[in-house]
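Some notes on the structure that comes next.
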Amino acid sequence: MTATGIEISGLRHAIRGTEILAPATLTIPAGRITALIGPNGAGKSTLSRLIARIEPPPAGTVAVNGLDVATTRTGRLARELAFLGQHTTLASRLRVRELVAFGRWPHCHGRPGPEDHAAVARALDDFDLAPLAGRFLDTLSGGQAQRAHLAMAVAQQTPWLILDEPLNNLDLAHARALMAHLARLRDAGGSILVVLHDLNFAAAWADHVVAMKAGHVVAEGPPEAVLTEDRLSALYDTEIRVGTHGGRPLVLHHL
């Protein structure tokens, strides 16, 4: 199927009468890294979860590469997008290799073949996990566990990868390595939607930025159009200065 992006129309979400996501209509382009930014409570995680059908949308539509998320069979959707949320549960007696192998389930349904084993091995290598492959998850540090879950999502090998705050618990080197890996996936034809709090990671790596506040999409476009002093200061309700580095915005939090 030709990649057409994520088309969102009139999508909204409320919890016990409180609006979490106002009606949203936008297109998230395929073949790009799209960063979803905004303050706490902006609705970023909610939007990413609705796109991935972690929660069924009560109103509006979402189509991923032409597939209606609400009606597409789970197995088919799992071959089109992989999702990793903020909160992951660690099964104490599960080994790293076994966790990463779960990413192959939509392809092999528990009967892995050579292609599945190769995908798991690549993901372990890509996230510097090969030496830890036999370790139980509950013996890992927070950053190691985060990398294991990221490897599982990448091993799924889907056209779309949706990550909600994946830099949590990662040190600077592994955070940069993750973004570089996402860039390689994009260059190979993949599409990524990533929720980021670090604006300079968004500025340095994203092709497209969507800014949210109080459940509303307030700006979208290339980093240089969205990550401006006026827009960011209004978005975060604090004065923010923006310079440039290497032709991209450099965000300076004003103290």
Side-chain angles (χ1 to χ4, degrees), residues 1-15 19-38 42-86 102-107 109 150 152-166 182-196 202 205-223 225-226:
M1 176 177 292
T2 301
T4 58
I6 298 176
E7 300 286 344
I8 299 167
S9 180
L11 188 66
R12 64 184 305 170
H13 188 65
I15 298 177
E19 187 176 68
I20 305 299
L21 180 67
T25 298
L26 73 153
T27 298
I28 300 172
R32 309 278 186 87
I33 297 175
T34 295
L36 195 54
I37 67 167
K44 306 181 299 297
S45 295
T46 296
L47 179 59
S48 67
R49 289 172 63 85
L50 290 172
I51 291 171
R53 203 172 71 188
I54 305 303
E55 301 179 26
T61 60
V62 179
V64 176
N65 289 349
L67 296 176
D68 186 333
V69 167
T71 60
T72 299
R73 290 175 178 264
T74 298
R76 177 67 185 87
L77 191 62
R79 293 193 300 275
E80 200 68 25
L81 67 84
F83 173 82
L84 182 64
Q86 293 182 48
F102 281 148
R104 300 303 300 167
W105 181 267
H107 304 279
H109 302 287
L150 288 164
M152 176 184 64
V154 168
Q156 198 169 325
Q157 290 185 319
T158 52
W160 273 94
L161 183 60
I162 301 175
L163 305 175
D164 186 5
E165 298 191 31
L182 297 182
R184 290 193 294 272
L185 291 176
R186 174 205 57 203
D187 293 344
S191 305
I192 297 101
L193 174 63
V194 54
V195 178
L196 293 175
W205 296 96
D207 308 298
H208 189 77
V209 178
V210 176
M212 297 186 66
K213 184 175 184 178
H216 294 264
V217 174
V218 296
E220 61 171 311
V226 176

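When a residue number appears, it is its place in the shown sequence, counting from 1.
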By the definition side chain to side chain contact (heavy atoms under 4.5 Å, CB included), identify the one residue from Leu67, Thr72, Thr158 that meets it with Glu80.
Leu67

Which residues satisfy the side chain to side chain contact (heavy atoms under 4.5 Å, CB included) test with Pro106, sequence neighbours excluded?
Ala78, Arg79, Gln156

Once rounded to the nearest 0.5 Å, what's the spacing between atom CD1 of Ile6 and atom OG of Ser191?
8.0 Å

Would you please name every residue forming a side chain to side chain donor-acceptor pair (under 3.5 Å) with Thr25, sequence neighbours left out?
none

Could you state the interatomic distance from CG (Leu77) to CZ (Phe83), rounded to the nearest 0.5 Å?
12.0 Å

Quick one: CG on Leu81 to CG on Leu193, what's the gap to the nearest 0.5 Å?
10.0 Å

Salt bridge (Lys or Arg N to Asp or Glu O under 4.0 Å) partners for Arg186, two or more places apart:
Asp207

Can you measure from CG (Leu196) to CD (Glu165) and round to the nearest 0.5 angstrom?
8.5 Å

Tell me the salt bridge (Lys or Arg N to Asp or Glu O under 4.0 Å) pairs involving residues 45-57, sequence neighbours left out?
Arg49-Glu55

Applying side chain to side chain donor-acceptor pair (under 3.5 Å) to His208 and not counting sequence neighbours gives Glu220

Donor-acceptor pairs under 3.5 Å, side chain of residues 210-217 to any protein atom, not counting sequence neighbours: which ones?
residue : atom : partner : partner atom : Å
Lys213  : NZ   : Ala234  : O            : 2.6
Lys213  : NZ   : Asp237  : OD1          : 2.9
Lys213  : NZ   : Asp237  : OD2          : 3.2

For Thr4 and Gly66 the tightest heavy-atom approach is OG1-N, 3.4 Å

Test side-chain contact (heavy atoms from CB on, under 4.5 Å) applied to Trp160 and Ile51, step by step:
CA-CA 11 Å; Trp160 273 94; Ile51 291 171; over 6 Å; no

To check you understand the geometry: which heavy-atom pair defines the closest contact between Thr27 and Pro29, and what is its length?
O-CD, 3.6 Å

Taking side chain to side chain donor-acceptor pair (under 3.5 Å) as the definition, give me every residue that meets it alongside Ser45, ordered by chain and number, with sequence neighbours left out.
Gln86, Asp164

Hits for salt bridge (Lys or Arg N to Asp or Glu O under 4.0 Å) against Arg12, two or more places apart or cross-chain, chain-then-number order -> Glu19

For the side chain to side chain contact (heavy atoms under 4.5 Å, CB included) test, which of Val154, Leu161, Leu150 pairs with Leu182?
Leu161

Can you name the residues that form a side chain to side chain contact (heavy atoms under 4.5 Å, CB included) with Thr46, not counting sequence neighbours?
His13, Ile20, Leu21, Leu50

What are the two closest non-hydrogen atoms of Ile8 and Ala24, and how far apart are they?
CG2-O, 3.4 Å

Could you tell me the separation between the CD1 atom of Ile162 and the CD1 atom of Ile54, rounded to the nearest 0.5 Å?
8.5 Å

Which heavy atom of Pro223 sits nearest to which heavy atom of Ala202, and what is that distance?
CG-O, 4.5 Å

Using the test salt bridge (Lys or Arg N to Asp or Glu O under 4.0 Å), find all partners of Asp68 that sit at least two apart in sequence or belong to another chain.
none

Would you say the side chain of Pro166 lies within less than 4.5 Å of the side chain of Val194, judging by non-hydrogen atoms?
yes

Taken in chain and number order and not counting sequence neighbours, the residues that satisfy side chain to side chain contact (heavy atoms under 4.5 Å, CB included) with Trp205 are Arg176, Met179, Ala180, Ala183, Phe201

